[in-house]
*Asks:* 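Handing you a structure now.
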Protein chains: 2
Amino acid sequence: MENKKPISLQTLKRLPIYLQYLKALQRDSVKHISSTSIALALGQNDVQVRKDLASVSDRGKPKIGYVLIELISDIESYLGYDNVQNAVIVGAGNLGRALLCYHGFSNYNLDIVAAFDNNDDIIGKMIKNKQIFSINKLKNLCERMKIKIGIITVPDYEAQKVCDLMVESGILAIWNFAPINLNVPKEVIVQNENIGSSLAILSKHLKEKLYK
Amino acid sequence: MENKKPISLQTLKRLPIYLQYLKALQRDSVKHISSTSIALALGQNDVQVRKDLASVSDRGKPKIGYVLIELISDIESYLGYDNVQNAVIVGAGNLGRALLCYHGFSNYNLDIVAAFDNNDDIIGKMIKNKQIFSINKLKNLCERMKIKIGIITVPDYEAQKVCDLMVESGILAIWNFAPINLNVPKEVIVQNENIGSSLAILSKHLKEKLYK
DNA sequence: TAGATTGTTAATCGATTAACAATC
DNA sequence: TAGATTGTTAATCGATTAACAATC
């Protein structure tokens with residue numbers, strides 16, 4: 001299914017959550033699934049789920065719902081998980097190494113091919129079959145391998161510099177773990193992963209529960 | 001400032017981002033700051049910033065803006081960063097260990113006091129001065145230390161079990177890194193950290209840039 | 001057929017942005 | 001004083017939810 005109306009950012013964020021749940025069902029050999037039951041399992045409104053799914057698949061049938069494998073396939077192809085996406089990571093500190101070791105990215109067909117750092121002590125080392133290169137090699141490798149996704153796990157004061165280098169290297173999508181606003185040209189997208197925002201929600205809730 | 005009208009979830013998520021920026025300014029010895037300049041630096045709408053700040057501080061002055069240290073203090077106290085918050089982490093795999101080593105939590109006055117796992121090979125080891133205990137010790141330690149924040153970094157099929165144990169141990173706020181929907185009583189809050197949602201946004205953008 | 005489910009249209013809700021008066 | 005900034009009220013925008021017709 002191609003090119004219905006553009007879907008909202010909120011829907012886009014929910015699709016991977018549905019997908020995860022659907023894949024778990026698949027392991028349990030479930031064959032069919034309805035929006036209503038997905039909504040129930042994930043604690044969401046059923047109309048919302050139905051609308052979200054309708055935006056990426058038109059194979060839903062009244063009374064039956066969706067055939068599980070068809071729905072999974074439609075969501076995956078919408079999200080672009082049907083092509084492997086190569087990525088590089090800059091910053092091989094604790095967080096960078098953890099991401100490098102994380103197996104779960106295969107679920108999203110994301111493959112981190114290499115890491116880069118400016119610390120001579122770790123340049124040249126291998127982590128889980130992946131080599132840590134000097135930051136100087138970033139541009140060359142990205143261009144040669146046509147890498148379009150960059151992950152930033154350096155300290156905040158280095159993040160903009162790294163970001164600029166990524167843009168120069170042809171990267172179009174940046175996953176930023178540094179707590180800072182990055183300036184990029186408009187053809188590049190930045191997704192900020194903000195630990196602070198999540199913690200704020202927990203902290204506020206706790207404050208209300210404990211002191212009120 | 002206490003108890004104006006309740007602020008929105010969106011505002012709550014943005015406050016830590018402002019705070020981060022304000023602290024960076026502090027290092028540069030800036031003394032005053034306006035909503036307009038924050039908005040400009042962070043690429044946001046100035047009315048939005050003004051409203052967000054007004055919801056936690058009433059010390060803004062026309063023409064001058066805010067005194068930096070006052071604004072920082074108001075945001076921090078609103079977010080509850082003025083008390084140290086102790087947390088435990090369950091699941092000492094790659095991600096769990098990375099979080100355990102992460103220094104940045106001190107910015108949020110969050111202190112991870114211990115990790116728990118069910119793998120005998122790592123139980124008893126120390127990571128950055130923090131011990132990995134058997135999961136069997138979780139309840140006792142949480143009760144004794146009155147720990148209210150739990151971080152889940154176990155595989156998805158173990159997450160609900162761990163969650164139940166946390167709830168039983170008196171934990172009220174759960175930061176969940178497992179890609180699964182957790183069922184909790186209504187007094188407990190769950191904040192899901194969803195890698196898939198972030199990646200979906202990047203992946204979709206890339207698909208549009210590259211294939212259209 | 002009746003009931004469960006789909007997809008769509010309309011209503012509601014909440015968040016963002018615009019307009020503007022107040023003020024240091 | 002004039003201009004920059006604040007805070008507030010109103011308008012707009014977008015997302016969620018409700019209502020309902022279509023259908024296997």
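Throughout, protein chains are lettered first and strands after them, A, B, ... in sequence-line order, and every chain is numbered starting at 1.
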*Asks:* Rounding to an integer number of Å, can you tell me how far B:K13 NZ sits from C:dG14 C1'?
*Replies:*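 Nearest whole value for this atom pair: 14 Å.
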*Asks:* From the options D:dT17, C:dT16, D:dT6, select the nucleotide whose nearest atom is closest to the side chain of B:P62.
*Replies:*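 Looking only at heavy atoms from C-beta outward on B:P62, the closest nucleotide is D:dT6.
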*Asks:* With sugar-phosphate meaning primed atoms plus P, OP1 and OP2, does A:S35 contact a base, only sugar-phosphate, or nothing at under 4.0 Å between heavy atoms?
*Replies:* sugar-phosphate
*Asks:* Expressed as a whole number of angstroms, how long is the span from B:I38:CD1 to D:dT5:P?
*Replies:*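 For the pair B:I38 CD1 and D:dT5 P, the rounded distance is 12 Å.
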*Asks:* To the nearest angstrom, how far is A:L53 atom CG from C:dT5 atom P?
*Replies:* 14 Å
*Asks:* Minimum heavy-atom separation for B:V49 to B:S35, with atom names?
*Replies:* CG1-O, 3.8 Å
*Asks:* Figure out the CG/P separation between A:D52 and C:dT8, and round it to whole Å.
*Replies:*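 Taking CG of A:D52 and P of C:dT8, I get 14 Å after rounding.
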*Asks:* CG of A:D58 versus C1' of C:dT5: gap in Å, rounded?
*Replies:*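 Computing the A:D58:CG to C:dT5:C1' distance gives 16 Å.
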*Asks:* Please confirm whether the shortest side-chain N or O distance from B:R14 to OP1 or OP2 of C:dT16 is below 4.0 Å.
*Replies:*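 Yes, such a contact exists.
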*Asks:* Do any side-chain nitrogens or oxygens of A:R50 fall under 4.0 Å of OP1 or OP2 in C:dG7?
*Replies:* no
*Asks:* Could you please name the partner base of D:dT9, counting Watson-Crick and G-U wobble pairs only when both distances are under 3.5 Å?
*Replies:*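 C:dA18 is the nucleotide pairing with D:dT9.
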*Asks:* Could you tell me which nucleotide pairs with D:dT23 by Watson-Crick or G-U wobble geometry, both distances under 3.5 Å, or answer none if nothing does?
*Replies:* C:dA4
*Asks:* Calculate the interatomic distance between B:L12 atom CG and C:dA15 atom P; express it in whole Å.
*Replies:*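 Going from CG in B:L12 over to P in C:dA15 covers 12 Å.
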*Asks:* Need to verify one output field. Residue with the more 5' nearest nucleotide on DNA chain D, A:I64 or A:N45?
*Replies:* A:N45
*Asks:* Looking at OH of B:Y81 and OG of B:S106, how far apart are the two atoms once the value is rounded to the nearest 0.5 Å?
*Replies:*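 It comes to 11.5 Å.
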*Asks:* Decide if atom CG of B:L9 counts as having more than 12 heavy atoms of other residues, nucleotides or ligands within a radius under 6.0 Å.
*Replies:*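 Yes, the 6.0 Å shell around CG holds more than 12 heavy atoms from other groups.
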*Asks:* As a quick check of understanding, evaluate salt bridge (Lys or Arg N to Asp or Glu O under 4.0 Å) for A:E187 and B:K209, giving each step before the final call.
*Replies:* CA-CA 8 Å; A:E187 72 272 15; B:K209 280 285 163 199; over 6 Å; no
*Asks:* Does A:T36 put a side-chain nitrogen or oxygen below 4.0 Å from OP1 or OP2 of C:dT6?
*Replies:* yes
*Asks:* Could you state the atom-to-atom distance from NZ of B:K61 to C1' of C:dT23 in whole Å?
*Replies:* 11 Å
*Asks:* For the pair made of CG in B:D46 and P in C:dC20, what is the distance, rounded to whole Å?
*Replies:*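 The answer, rounded to whole Å, is 15 Å.
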*Asks:* Any donor-acceptor pair under 3.5 Å between the side chain of A:K51 and the base of D:dT17?
*Replies:*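 Side chain to base: pair found, below 3.5 Å.
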*Asks:* Does the side chain of A:Y66 get closer than 4.0 angstrom to OP1 or OP2 of C:dG7 through an N or O atom?
*Replies:* yes
*Asks:* Which nucleotide, D:dA19, C:dA18, D:dC24, lies nearest any side-chain atom of A:V47?
*Replies:*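 It is D:dA19.
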*Asks:* For a quick test of reading the model: is some side-chain N or O of B:Q10 closer than 4.0 Å to OP1 or OP2 of C:dA15?
*Replies:*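 The answer is no; no side-chain N or O of B:Q10 sits under 4.0 Å from OP1 or OP2.
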*Asks:* State, to 0.1 Å, how close A:K207 and B:Y78 come at their nearest heavy-atom pair, and which atoms those are.
*Replies:*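 Result for this residue pair: NZ-O, 3.7 Å.
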